[in-house]
Amino acid sequence: YSDGMLFEGLECDPAYRRRGYSAALVSAVLSYLKDQDYKIVYSHVNRDNRASLELHRKCGFCIAKELAHFVDGTVSYNAYTLCYNSKTQT
């Protein structure tokens, strides 16, 4: 993504889910990237991963594309490309 940064590969041990760790990590990464002048951050999430989709939504991401273009050149129609734009966040 030439206009932003790709945030990829967030996983959490099932024993530590629903405790806010992932949200805290995503928020910290977004804050850091904003301080580094990255305005746009992308993430890929499988369509059936409701927990991750909700986490990203709560952190300010929205669906940008109904597919995902991965860094290795492959495309998945089973995942969304999500986008966070710090210019539109309060």
Could you measure the distance from the CD atom of E66 to the OG1 atom of T81? Nearest 0.5 Å is fine. 9.5 Å
With a 4.5 Å cut-off on side-chain heavy atoms, are N46 and S52 touching? no
Below 4.5 Å, heavy atoms only, C-beta onward: do D48 and N78 meet side chain to side chain? no
Same cluster or not: are V29 and I40 linked, directly or through other Ile, Leu, Val, Met, Phe, Trp or Tyr residues, by side-chain heavy atoms under 4.5 angstrom apart? no
Give me the other members of the hydrophobic cluster that Y21 sits in, counting Ile, Leu, Val, Met, Phe, Trp and Tyr linked by side-chain heavy atoms under 4.5 Å, directly or via other members. Y16
Is atom NZ of K39 surrounded by more than 12 heavy atoms (other residues, nucleotides or ligands) closer than 6.0 Å? yes
Determine whether a donor-acceptor pair (N or O, by modelled atom type, separation under 3.5 Å) exists between the side chain of S43 and the backbone of F7. yes
Atom CZ of residue position R19 - does it have more than 12 heavy atoms of other residues, nucleotides or ligands inside 6.0 Å? yes
Angle class for the F70/H44 ring planes (parallel below 30°, perpendicular above 60°, tilted otherwise)? perpendicular
In terms of hydrophobic clustering (I, L, V, M, F, W, Y; side-chain heavy atoms under 4.5 Å; direct or indirect links), are Y42 and L30 co-clustered? no
Non-hydrogen side-chain atoms of F61 and L55 separated by less than 4.5 Å: no
Single-linkage hydrophobic cluster, 4.5 Å side-chain cutoff, Y84 and Y32 together: yes
Are M5 and V71 connected, step by step, through hydrophobic side chains (Ile, Leu, Val, Met, Phe, Trp, Tyr) whose heavy atoms are closer than 4.5 Å? no
If you count the non-hydrogen atoms of other residues, nucleotides and ligands that lie under 6.0 Å from CD in Q36, is the total more than 12? yes
Between S31 and S27, is there a donor-acceptor pair closer than 3.5 Å when you use the side chain of the first and the backbone of the second? no
Closest contact, heavy atoms only, H69 versus V75: ND1-CG2, 3.4 Å
Under a single-linkage definition using a 4.5 Å side-chain heavy-atom cutoff for Ile, Leu, Val, Met, Phe, Trp and Tyr, are L6 and V41 assigned to the same hydrophobic cluster? no
Which heavy atom of K34 sits nearest to which heavy atom of S86, and what is that distance? CD-CB, 4.0 Å
Hydrogens and angles aside, do N49 and Y80 bring a side-chain donor and acceptor to less than 3.5 Å of each other? no
Between R17 (side chain) and S22 (backbone), is there a donor-acceptor pair under 3.5 Å? no
